[in-house]
Amino acid sequence: MPRIRKAIPGVDPKLLIRDAAKLMPDPSRRLFLRGAASLGALTMLTGCDIVDSDAAEGVLRKISTFNDRVQGLLFNPNKLAPTYPESAITRPFPFNAYYAEDEAPEVDGKEYKLEVGGLVDTKEPWTLDQLYALPQESQITRHVCVEGWSAIGKWSGVRLSEFLKRIGADTRAKYVWFGCAEGYSNTIDMATALHPQTQLSFKFADEILPRKYGFPMKCRMPTKLGFKNPKHIIALYVQNNDAGGYWENQGYNWFSGL
Ligand SMILES: Nc1nc2c(c(=O)[nH]1)N[C@H]1C(S)=C(S)[C@@H](COP(=O)(O)O)O[C@H]1N2
Ligand SMILES: [Mo]
């Protein structure tokens, strides 16, 4: 029986295709838009047939994966996110999580040990004192949340690249995965992990990271949307498999770069 190709309800396929094409490198984008911007081409691009609304979600996910790949290629590992003066800091700084503020996990700093694993030479866990002894720097950068707000804050800590060096991480690996105290998690690409502004942060606004902002440690990366910045980190793995993350697994764009 021939399969009938239907449009995705509520989605204009032309716009969908143009949107996906926006992230293609320039010459191939022009060729693609001039040539075969059709559902057929989209099918070729994503490798699956848009037959009904069930398929649509899968297609969108594939486009997102495609975008992640292209964005990853376009990501300039040396491009810095803007920084701001102290006077630009947003006060009070917003709290956000998938739960209410008073439900933020209470991590005991004295008992805390950061679990380190995967493709690293040294898998010894790190106490907070050991982490605090690492060379630190501060950044005043903008945090952008996918929910439609942004705010400028000051974070201090050690560069993730420096920490990865100390644990003898294989930086040819593709990903760094973070596990958090309350079950949140996410995975970032190695280029972002090595970016000079990607920081394991111990302080917010010059004070020990308050509970709501991720005590005892978060990973700050101003080149990524807020949800890619894990708070309350208790585990860090260097690995080649993409373990996704809390929001990524619910369909949020994995790359989510700024
Ligand atoms: N452990 C953990 N980290 C998390 C989240 C969370 O729910 N749990 N939410 C993310 C989202 S969506 C945002 S916008 C920021 C909010 O950080 P803030 O509370 O410091 O503003 O944390 C991110 N990191
Ligand atoms: Mo967010």
Side-chain angles (χ1 to χ4, degrees), residues 64 68 71 81-84 86 88-109 111-117 126 128 131 136 138-158 160 163 175-189 192-193 195 197-237 242-258:
S64 174
D68 286 336
Q71 282 178 279
T83 57
Y84 300 87
E86 300 257 351
I89 292 174
T90 309
R91 300 174 211 276
F93 192 85
F95 159 86
N96 200 33
Y98 67 92
Y99 42 77
E101 195 171 314
D102 59 5
E103 290 167 272
E106 279 183 86
V107 177
D108 180 347
E111 295 286 308
Y112 176 83
K113 280 207 172 125
L114 172 68
E115 182 188 328
V116 169
W126 287 65
L128 215 40
L131 289 165
Q136 293 192 36
S138 298
Q139 61 170 280
I140 301 175
T141 49
R142 184 183 293 277
H143 170 117
V144 181
C145 175
V146 71
E147 287 170 29
W149 57 270
S150 80
I152 293 168
K154 180 175 185 180
W155 292 269
S156 310
V158 63
L160 179 56
F163 183 72
Y175 304 108
V176 175
W177 175 86
F178 298 100
C180 307
E182 87 290 33
Y184 195 85
S185 65
N186 75 277
T187 308
I188 62 168
D189 55 287
T192 300
H195 187 278
Q197 287 171 310
T198 298
Q199 180 189 83
L200 289 177
S201 312
F202 311 117
K203 283 185 171 176
F204 177 77
D206 299 316
E207 311 221 334
I208 291 295
L209 204 61
R211 177 180 153 205
K212 62 177 173 179
Y213 298 138
F215 183 81
M217 185 173 87
K218 71 173 275 176
C219 188
R220 174 70 191 133
M221 44 195 119
T223 54
K224 292 287 186 198
L225 287 174
F227 81 88
K228 294 294 286 187
N229 290 224
K231 304 192 282 187
H232 315 285
I233 298 170
I234 55 166
L236 183 162
Y237 279 72
D242 174 11
Y246 184 86
W247 289 114
E248 292 85 339
N249 299 351
Q250 298 178 53
Y252 276 40
N253 179 272
W254 189 94
F255 194 80
S256 285
L258 295 170

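As the structure lists them, so they are numbered: ligands from 1, and atoms in each ligand from 1. Note that the coordinates shown come from a computational prediction; the quantities given were computed from them, not determined experimentally.
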message: Suppose we screen for salt bridge (Lys or Arg N to Asp or Glu O under 4.0 Å). Which residues come up paired with K218, at least two apart in sequence or across chains?
response: none
- request: Spell out, as yes or no, whether a donor-acceptor pair under 3.5 Å connects the side chain of E101 to the backbone of F95.
  value: no
field: Passing option when N229 is tested against R220, Q199, K224 for side chain to side chain donor-acceptor pair (under 3.5 Å)
entry: R220
- request: From the options N186, D242, D189, select the one residue that forms a side chain to side chain donor-acceptor pair (under 3.5 Å) with W254.
  value: D242
Sub-3.5 Å pairs, protein N or O with ligand 1 N or O:
from     : atom 1 : to   : atom 2 : distance (Å)
ligand 1 : 1 (N)  : E182 : OE1    : 3.3
ligand 1 : 1 (N)  : E182 : OE2    : 2.9
ligand 1 : 1 (N)  : K231 : O      : 3.0
ligand 1 : 3 (N)  : K231 : N      : 3.0
ligand 1 : 7 (O)  : Y98  : N      : 3.1
ligand 1 : 8 (N)  : E182 : OE2    : 2.7
ligand 1 : 19 (O) : N96  : N      : 3.0
ligand 1 : 19 (O) : N96  : O      : 3.4
ligand 1 : 19 (O) : K231 : NZ     : 2.6
ligand 1 : 21 (O) : P94  : O      : 2.8
ligand 1 : 24 (N) : N229 : O      : 2.8

message: A cation-pi test, strictly: NZ or CZ of K203 under 6.0 Å from the centre of the six-membered ring of Y213 and no more than 45 degrees from its axis. Yes or no?
response: no
Y175 side-chain N/O to G244 backbone N/O, donor-acceptor pair under 3.5 Å: no
